[in-house]
Every structure is written in C-alpha cells, then in structure tokens.
Amino acid sequence: MPRYNPAVIEPKWQAYWAEHRTFAAPRMPVHEKLYVLDMFPYPSGDGLHVGHPEGYTATDIICRMQRMRGRSVMHPMGWDAFGLPAEQHAKKTGTPPRVTTEKNVATFRRQLQMLGFSYDWDREVATTDPDYFRWTQWIFLQLFDTWFDPDQKRGRPIAELPIPPEVATAGDDAVRRYQDEFRLAYQSEAPVNWCPALGTVLANEEVIGGVSERGGHPVVRLPLRQWMLRITAYADRLENDLDSVDWSESIKALQRNWIGRSTGAEVDFYIGSPAAAGTGKPSGAEFKAWRNVRPVSGFPRHAGDDVIRIYTTRPDTLFGATYMVLAPEHPFVERLTQPAHAAAVKAYVEQAARKSDLDRTDLAKEKTGVFTGSYAANPVNSRPVPIWIADYVLASYGTGAIMAVPAHDTRDFEFAQQFGLEIKPVVDPGDDPAVDREAVLAGSAVFTGEGTAINSGEYDGLSTAEFKRKIAAELTSRGAGRQAVNYKLRDWLFSRQHFWGEPFPILHELDADGKPTGLTRTIAASQLPVNLPELAVFDSHGSPDPPLERAPADWLYPVIDGKRYKRETNTMPQWAGSCWYYLRFLDPKNDQVLVDPAVEKAWMPVDIYIGGAEHAVLHLLYARFWHKVLFDRGHVSTAEPFQKLVNQGMILGEMELTGYQKADGQWIGSSQVTADEDGQAVHKSTREALQSVRVNPAQAQKQGESFVLAAQPEVRLESRAYKMSKSRGNVVNPDAVVREYGADALRLYEMFMGPLEATKPWSMEGVNGVRGFLDRVWRMITQERSEQPELNPAVKDVPPTDEQNRVLHKTIQGVTGDLDRMAFNTAISKMMEFTNFFLKCDVRPKSAVESLVLLLSPLAPHVAEELWQMLGHEKSLAYEPWPKFDPAAVREDAVEIPVQIKGKLRGRIVVPLDATSEAIEQAARAEPRIAELLAGETIVKVVVVKGRMVNFVTK
RNA sequence: GGCCGGAUGGCGAAAUUGGCAGACGCACGGGACUUAAAAUCCCGUGGAGGGAAACCUCCGUGCGGGUUCGAUCCCCGCUCCGGCCACCA
C-alpha cells in the first residue's frame, strides 16, 4: 500500500493528455516561443533503447517547465524511417519494407507514449510518407536549380548563371550541359565505394577503415555514375557560422575538424610541354623560358599541361623539396612515365586501383611507390626533382600531387628513407630541448615544427611565418603559385542503390534508339511526389545497378508530352529525410508549401536540439548545408537551423566483474580467455568463474586498480562497464523497467544518473532508489493505511513555519536554477532534501507540498498529476504557474562561517549576515579556541571574506 | 600520430565566482517493528590515530612542480582512461 501503482496512474494520465490535447502546440506562438527538438529515432526492429529516453526526458522536462512559465512550446516527434534494416529484412523474408517500417513505428510510438513525453502527436511525421518525401524531393529540385556564386558566396538560381558566349552560341543543349556542371546537385562518374554485401554504394563517411560502417563488410572501389551534392561550396560558411551558434566547443571542434580547412599555397612545378615529354627532364633553359612567359599577374584557374600543380601548407620549405609524388590516379601519370619504368608504373597503378581503402591505410607501416623516370623543375631554384608515384598521396585532396620535403614532413621522411632519396633540411629548429637539432641538420631526423630558414638562398634567416608571407607574394608575382585554401570535406555522394529510399525527381532523356543522351529534366514540383514502384522481388542481384532498374516498365519509362524518358533509379541516402524534418514539424499538413513562411519565421530557429554525439558531424553538417541553401533561396529566414545543441552521453550497461586473480598469480578472466566472434564466451566464463567464488565487489577492498576480498584475500577483482550490446547480453529494455518501476521512475533515474552529457553505467538498484524517492513523495502527501489513497492528514491548509518556508523557497530557487542549466541530477537531489525534511514534519502545509508537486511535475509528470488531483485540483497541472521564489523567505539572519589559521580549519563562528569585516574578525578572535591557538603567535595578515570565512596568517 | 573530453569514498556523483571536499542517491553495517521475511522507519558510513564522552589530531580530489593567506577549481610538466578523426601534404 505505501507504494503507488504506476500501472494504474500512468496510463490514466496519458489518456487524459491525449483526450484533452494538452500539449498541442499553437500554429503560431501566442507567447514567447520555444522550439525544443529531439533527434528523431530510426525505428529499428529492436524497439526503444534506454539511451533514447535520456535525451527525450531532458527535452521533455524543459518543455513542461517552460509551458508552466508561460512560453509557447513546440515539441514534436517523428520517424527517420527509411533505412537499410527494413530493406535487408525484405530481401530475406519478402516482407515489403513499408510493412516492416509501419510495424516498428507502431512499437516506437507505443513505447514513447508509455513514457509520458509531452509531444504534440498531431505533428508526427515519418520520412517515408509520400506527403513528407514529396518535400524532400522538392528540396532536391532546389539544390538542382542552384549554383554557388563564389563572388557573392551564396547559392543563386541556375538561370542567373552567366553563360560564356561560345557556349551560348553552341545551342540549348550546350547551355544545359554547361549549367549541369555548376548545379549544387550534379552527376559524376567517379570511383565509389561499392559494398557487395550490402548491395550499395556508400559515402566516404560510411566507410571506416575499408569496411562498411554498418555491418563491417568489405568495400571495393568502382567507377559509377552517381549524384553528388556540392557541399564543398559551402565549406567556408559551414565553418564560419559555427561562431554564431551556442554549441559546445568540442562539437564545434569536431565539425571544424571534419571540414578541415587548411591554408597554404598552390605551386606549379615545370615539367615541359607534352610534346617535349620523353626526355624526362626539362632543360634549364627551357625552364627559364617558362618562368619568363608566365603571366605576371593572376593565376590560371586550371594548371597548364606543362606544370604539375601541388598544394602545400609549408611553402617555406620549397627549397627542401627533393622529390615530388603524384597520386596513382593523377592524370599525368602515363605521360610522365619513361619507357624504362613503364612496366613498374603500370603494375603499381593497377595494384593501387584494386586496393581497398583498408589496404591503403592499414598497410601504411611501409610506404610504397615507383619512380616515373621524369623530373620537374623546382620553381624557386630550378633544381630538377624526381617525380614518383605513391598511394600515400590521395587523388581526392588538394591537387593530387605534392612536393616532398622529407626533412620536414613525417610521411615524406619515411618515404625518402625507404627509397634512399635526398633529405635536405631547410628549417633550423633552434634550441628546443625536445628536438635533436644536430640530427635534423644532418638530415637523419625529421622536424615538422616552425623555426628559422636555412639552405633557402635569399630567404635564409626568416622565421617560418615571415617566409610563408614572402614566398606567397613572390610566387604570385611570378605566376608560379598563389595562396590557397583546402578542405578535407568532399562533395557529398548523394545516391544509393536502394529500393527503400526517396526516388529522385529526375528523368533521363533518351535518344531515338532509347539510349540516354546525358541530359536530364526534372519532374515539376506540382507533380511530386515521385512514388516508389511496387517491386515484385526484393532479392539482391550482386551488381552495383540500382534495384529500381527492375521496376515495372510503366514506372521506369514514363512518357511525358509524347516523349519517352527513363527515371533515375538511384534513391537518396537516409540522411536526406533528416536534413529538414525540423521544418516540416512546424507545418506538417501543408500541401502547398514545405512550410508556411510566416510559421517558419515565427518558430525558427530550433532553440534547443538534443541528441547523441554519433550525429555530431554528419547529420548536423548535412542539415546545416541544406538549411543554408534554403536560406539562400529565400525559403527559410535563419542562416543556421539549431541555435543550441546538447549531446547526451552514452549509457553503458551495468558494471561487470571482468576477472579475478588467484593467490598463485593465475589470472582468470577476459585477458586470458580467447574471445569468440561476438565476445560472449569471455563474458560468460568470467561470470561463472566469479559466481563459483561468490564474489561481491562491494565487500572488496581496493588495492591499486583491483580489489581484494576481506574474506578471500586470495581473490583479486576488477570491474568495469561496457557499451550495451546484444552479444554481451547487457541491454536494458525500457519496457521491463517501466513494468517493474514505472515510467516516472525510469525518467527520474535517467536524469539522476549524472550529468546529461556524461557517459555513465546503468544501475537497476539506482532505479529502485529513485522509485523509493517517488514513494516517499507519495507518502508525504497521501494517507498510507487506507485502501483508497486519500490525502495524508498531516497535509493541512495552514501557513508554513519560517523554517518550512525557508526549505521550500531554497528548493524552488535551487530546482529552478538547476533545471535552467540542465543540471537535472542536482535538481532531483534538492527535491529529495525537501522530501526528507517535510516527511519529518507532523504538519505539512498544503501550499508547500503543492509547490513541490509542481517542481517535480516536469520530471515525473504522472505521479505529479495524480498528487495534484488528490490535493483538490480538477485540471491538469501542465499549465499551472511555476512556483515563485521569494528571496525574503530564504534570508537568514546569521551565518556560520569557518575560521582558519594559516589556511587550516580551526573553528567556526556564527555572525550576523551583514556583519562587517571588523566585526567578523573580532568575533573570530573572541572564539575561545581560536584565541587559545592565536595566543603568543604573531599575526602577519588577516583575510576576511564577508559571509564566507576568516583566515589568520601567522608567522 | 592529431583533436576533444575525463580522473573526487566500495559505486553513481556534488561543490554555480579560488573560500568548511564528499550534498543527494546506491551499496554496506547496526538498531526498531515483525513469529519470520519483505516493506518501512531510525542511526552510522573517506582513511589513519587519540579520547569515557562532547570532541580532537594527521592524511586525503590521478602524479610532480608553481601561483595564492587559501587550489578539486588557475598555470607549467607528466601518467592513465574514454571518444572522434586519421598518410588530408
């Protein structure tokens, strides 16, 4: 009886909120707006994970509290429902992915509703709904219709793209082909990461160390026609605008890292005209002539075919460039290869092409490469440098070619040592004790820091920074180089070979023979959505062709205005739907526009966005990119979508014992058991071993990193928490927790575990602990012994005592402040203190316990509503005013402050709150114990901090 | 290798501005109630030492230095752990 029954009251209030549409957000904000967004989940077949409710509870607390403070709150939820698992399930079982997805969505919806989140369910969207992806396709059309103007640094309609006269006169098709090269959405025949096991092409970001991020399957590189999005055009703005948002510095750093802007210089190395190729070495006279004919001002957009253009962040080391390296895919490779080296080069290039990224990175311990037989002229000193080919240079970064400065670059140093190439130091490290200067100057050690120029002709003696400035100016004036910026960020590979994804609103033109002309046309916005075709079979066919190639002919070959076209059969990646869902929530049923501009302007930006750190880079970068394009095209009013971003930490499984060591030193545990493929054998054998010695880690003494049992000193223990995983068997199911402890207890526990952003282990005993607190709150207000819960007779309609009032208002102040800074764990501890105090009171003023119920309601809304009703209120407390803090109530007349002597605590005194420094010092000296300790001592200094402490400094 | 974060009792943690380290909770120990158990309530709980007791002393926030009357907090140098990226020129 003393425990309340969540199985009764939680469904009751969930039904009440649904019936009264308690949390419906207004179309336009009525009061100050607050848009609080969760990262919407992918509804997997496993159901909700306890990691989901962590962030969702945090946002829910904020929303419920701010409604009570009068804000107009937008708090929606939806489903990121396209995804590979449903597709793979379809291949295995023949179940259409839409069926699987709807089933999973229903599970997720039930689980979220069971937790009592105050979402406006009328705004629910799923990325798989045609009414939703209609607008995803529409945004793609915007991207397709936009080019990036580098002068204005913004996206503009393709119709405004200046067309060169020679193109304009070549006819409409020539103009269209020209425009296609500038669109933000463009097609490219590029080597892509084809994953045979998944039957799809993957983005660079989805390939980790040569295998697929999902599933860990091998990935090979194949050339394929793909859709790309020109995100690189926005790299600068994506980086700069990070300054304007309220995100943690660490997430900003992650994004900056990913964008990877570096500044340096592009420099041209002369290789002779193609006609002169064959000699392998440009002559000095030829080079000098080249130097003289280069334009004095300006730098050609594209390198000529008589130079190799390289990118470097260290143009100050140009004099130390003793060789060059081209990526195996560099277009000049064949031309520069001298006959004597042709066989070796051919073999190397072919081998590199076959290599997966895994091989290229993992086997990086030893550098590989081949010499072409050709040389280029170093533009600063005309010295010939040998040209090598090596796969440690990437075709996709910079210019695909480098100057190698082995004395000052680790990779070049390794390569030079491998192949016995010259190492010429040109930077003197100075007398940094961490650097072996002699070795650097002798060319036997690498130094990558900054220093003073040597062996660099007229530049000798310059600092690295000065040198960079001067050489950039010199190269620019000679037309042999210029300052340049580079990004690690690559254009976004936007197409997938899936049948469970958004179709592209694109048609390919066919010629009279039914062959593609290479030209495309778009589906008119008014004709959207392009729906997915019904597929007869979902099997994998083992080729990189999209499965939609097997769609029925009437879908695949539509006829428009009497002309036959072929549909684009790639689909969009899962990222597409999540790039803009926060906009659709604002106006989810609008069939005229993506979002009503007035509504968008009133609610955007998202004020608080909470989600897992796994999306700190890609999802956020992609969404920001789309948002900026929509902003440039006038469809949204803010430059950035998410004002404040918080990443919740990971929840690990329960702490586990990982092993033990017997007195004879034999270690039993994970380090000695060979893991089977999923690690389960390790876990199981360890647990069994520990059970056999009946070990309880709480009764163990810590000794260094391990524990020793008092009762069994021969046993040493170690324990730690692991990520939850099916194979480890430590996954916590929210359904089970709710069944046993209730949704309020689950919510409260997840908030009480520790700071939102920290990684922390689960503890079922901890859930039981917060449930105990809710029971205590329940008993504080309700009668314990009756069958039908009724108000506790101790709750009386009387004014609180001064002390009760002080406790109450300290709680209001503390809880309000803590919730405002998302310190949920300490807010809960303050309510626990309140409850501990009032449970001891024989008389509990109704006004005080009512305030606590209101403070508790954002965190544990069901039990709070029930208590609120029991306290005699008819309506939900969802819009009750938030308790007001009265500073006068907490003011105490006197404070106890510590007295220190030489910084050590030696006593305490009670002084009036407003006591002067002099009065405090007198009171401290008057304290008998202090007076005794100070007798005979010479006081050098007295430090008094009013209301805080006193410190006597003696000799 | 690079970037970011962290290290406080047996455990999760707190200390909001440099000012009484360990709030709150778990676990554990003792007691009350009970035939008993569960539940509940009360007391104790960083370590070492002293005292009949109220209490007192010393040590203590990963390690080594520094600044300061005073450092969990600021600075310098390390160690270990976690996350992300990784041949990006």
Side-chain angles (χ1 to χ4, degrees), chain A residues 1-3 208-209 248-254 256-258 260 262 264 310-314 317 325 360-361 364 367 390-394 396-399 401-405 409-412 414-415 486-490 613-614 616-617 649-650 655 696-702 705 707 719-721 749 752-755 757-770 772-773 775-776 779 784 814 817-818 821 823 825-833 836 839 896-905 907-908 929 940-943 945 947-954:
Chain A
M1 263 53 62
R3 285 166 79 92
I208 311 288
S248 75
E249 280 309 314
S250 62
I251 298 168
K252 289 186 184 182
L254 277 178
R256 287 205 179 94
N257 225 327
W258 194 264
S262 73
I310 61 99
Y311 172 74
T312 178
T313 55
R314 292 295 299 271
T317 59
V325 183
R360 263 169 100 147
T361 54
K367 295 259 181 299
D391 64 6
Y392 81 89
V393 172
L394 307 175
S396 51
Y397 183 78
T399 60
I402 62 159
M403 67 169 187
V405 186
D409 180 281
T410 316
R411 296 148 301 177
D412 297 344
E414 285 169 12
F415 191 84
N486 249 301
Y487 302 93
K488 285 196 239 177
L489 186 70
R490 310 289 153 79
E614 67 272 20
V617 176
M650 208 192 325
M655 299 283 281
N696 179 348
Q699 290 168 343
Q701 291 267 305
K702 201 169 187 180
E705 289 301 302
F707 295 82
S719 67
R720 59 168 290 193
Y749 171 66
F752 188 58
M753 291 170 87
E757 295 180 76
T759 304
K760 51 230 165 222
W762 186 267
S763 157
M764 228 30 122
E765 281 161 343
V767 183
N768 193 44
V770 292
F773 161 65
D775 286 329
R776 285 161 65 78
R779 280 198 301 275
E784 290 189 35
D818 284 351
R821 58 192 181 93
N825 53 337
T826 52
I828 294 165
S829 75
K830 282 170 182 125
M831 289 189 271
M832 287 172 168
E833 288 180 81
N836 290 343
L839 270 172
E896 190 190 61
I897 63 169
V899 181
Q900 299 174 351
I901 295 174
K902 273 178 123 171
K904 293 208 169 184
L905 179 68
R908 294 185 177 83
R929 206 177 119 65
V940 182
K941 189 176 176 182
V942 182
V943 181
V945 181
R948 284 281 188 166
M949 49 76 66
V950 188
N951 187 12
F952 293 99
V953 187
T954 57

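By convention in this document, chain letters (A, B, ...) are assigned in the order of the sequence lines, proteins followed by strands, and residues within each chain are numbered from 1.
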Nearest listed nucleotide, side chain of A:Phe752, among B:rC85, B:rC24, B:rA14: B:rC24
Side chains of A:Gln900 and A:Val943 in contact at under 4.5 Å (non-hydrogen atoms): no
B:rA86 phosphate, OP1 or OP2, under 4.0 Å from A:Asn257 side-chain N/O: no
Spacing between A:Glu757 atom CD and B:rG82 atom C1', to the nearest angstrom: 15 Å
Salt bridge (charged side-chain N to carboxylate O under 4.0 Å, His left out) involving A:Glu249 - partner list, sequence neighbours excluded: A:Lys252
Nearest-nucleotide comparison on RNA chain B, the residue closer to the 5′ end among A:Ile251 and A:Met403: A:Ile251
Secondary structure of RNA chain B in dot-bracket form (Watson-Crick or G-U wobble, distances below 3.5 Å, | marking inter-strand pairs): (((((((..(((......[....))).(((((.......))))).(((((....)))))..(((((..]....))))))))))))....
Rounded distance in Å between the P positions of B:rC26 and B:rU40: 10 Å
Position toward the 5' end of RNA chain B (nearest nucleotide), A:Tyr397 or A:Ala823: A:Ala823
Set of ring-ring contact (aromatic ring centres under 6.0 Å, His included) partners for A:Phe752, sequence neighbours left out: none
Whole-Å C1' distance, B:rC24 and B:rA32: 25 Å
Any A:Lys902 side-chain nitrogen or oxygen under 4.0 Å from OP1 or OP2 of B:rC69: no
Side-chain donor or acceptor of A:Lys760 paired with backbone N/O of A:Pro755 under 3.5 Å: yes
A:Arg776 side chain near A:Asn836 side chain, heavy-atom distance below 4.5 Å: yes
Between B:rG1 (C1') and A:Tyr392 (OH): distance, integer Å: 16 Å
Integer-rounded Å distance: B:rA38 C1' and A:Asn768 CG: 12 Å
Distance below 4.0 Å between A:Asn825 side-chain N/O and B:rA14 OP1 or OP2: yes
Between C1' of B:rC56 and NZ of A:Lys904, the distance in whole Å: 14 Å
Closest listed nucleotide, where the reference is the side chain of A:Thr826 and the choices are B:rG12, B:rA15, B:rU16: B:rA15
Syn/anti label of B:rG9 as read from its glycosidic torsion, with the cut at 90° from 0: syn
A:Tyr749 side chain vs A:Ser763 backbone, donor-acceptor pair below 3.5 Å: yes
C1' atoms of B:rG31 and B:rG83, separation to the nearest Å: 47 Å
A:Arg821 side chain near A:Thr826 side chain, heavy-atom distance below 4.5 Å: yes
Sugar-phosphate, base or nothing in reach of A:Asp412, heavy atoms under 4.0 Å: nothing
Span that lies between the P atom of B:rG60 and that of B:rA48, in whole angstrom: 15 Å
Whole-Å distance separating the CH2 atom of A:Trp762 from the P atom of B:rG12: 16 Å
Rounded distance in Å between the C1' positions of B:rA38 and B:rG6: 41 Å
A:Met832 side-chain proximity, nearest of B:rC56, B:rA23, B:rG25: B:rG25
Inter-nucleotide C1' distance (B:rA7, B:rC56), Å rounded: 33 Å
Side chain of A:Ser262 (C-beta onward), nearest among B:rA13, B:rC24, B:rA89: B:rA89
Listed nucleotide nearest any side-chain atom of A:Tyr311, set B:rU40, B:rU16, B:rA89: B:rA89
Side-chain N,O (A:Lys367) to OP1/OP2 (B:rA89) below 4.0 Å: no
Sugar-phosphate, base or nothing in reach of A:Ser763, heavy atoms under 4.0 Å: nothing
Between protein and nucleic acid, restricted to nucleotides 19-22 of chain B and to nitrogen or oxygen atoms under 3.5 Å apart, what atom pairs and distances do you find?
{"unit_1": "B:rC20", "atom_1": "O2", "unit_2": "A:Arg908", "atom_2": "NE", "d": "2.9"}
{"unit_1": "B:rC20", "atom_1": "O2", "unit_2": "A:Arg908", "atom_2": "NH2", "d": "2.9"}
{"unit_1": "B:rC20", "atom_1": "N4", "unit_2": "A:Glu896", "atom_2": "O", "d": "3.4"}

Salt bridge (charged side-chain N to carboxylate O under 4.0 Å, His left out) against A:Arg256, all qualifying residues, sequence neighbours excluded: A:Asp243
C1' gap between B:rA13 and B:rC63, integer Å: 23 Å
B:rG47 to B:rU61 separation - P atoms, rounded to the nearest Å: 15 Å
A:Lys488 to A:Trp258 - nearest heavy-atom pair and separation: CB-O, 3.8 Å
Flag side-chain contact, heavy atom, 4.5 Å: A:Arg314 against A:Val405: no
Sugar-phosphate, base or nothing in reach of A:Gly398, heavy atoms under 4.0 Å: nothing
Partners meeting side chain to side chain contact (heavy atoms under 4.5 Å, CB included) with A:Asp412 (sequence neighbours left out): A:Tyr323, A:Tyr392, A:Ile402, A:Ala404, A:Pro406, A:Asp409
Proximity to the side chain of A:Leu254 - top-ranked nucleotide from B:rC84, B:rU16, B:rA89: B:rC84
A:Asp409 side chain, from C-beta outward: closest of B:rA27, B:rA89, B:rU57: B:rA89
side-chain contact (heavy atoms from CB on, under 4.5 Å) between A:Lys941 and A:Asn951, worked out: CA-CA 8 Å; A:Lys941 189 176 176 182; A:Asn951 187 12; over 6 Å; no
A:Lys488 NZ to B:rG1 C1', straight-line distance once rounded to whole Å: 12 Å
Separation of atom CG in A:Asp818 from atom C1' in B:rC24, rounded to whole Å: 11 Å
Rounded interatomic separation in angstrom, taking CH2 from A:Trp258 and P from B:rC3: 18 Å
A:Ser250 side-chain N/O to B:rC84 phosphate OP1/OP2 under 4.0 Å: no
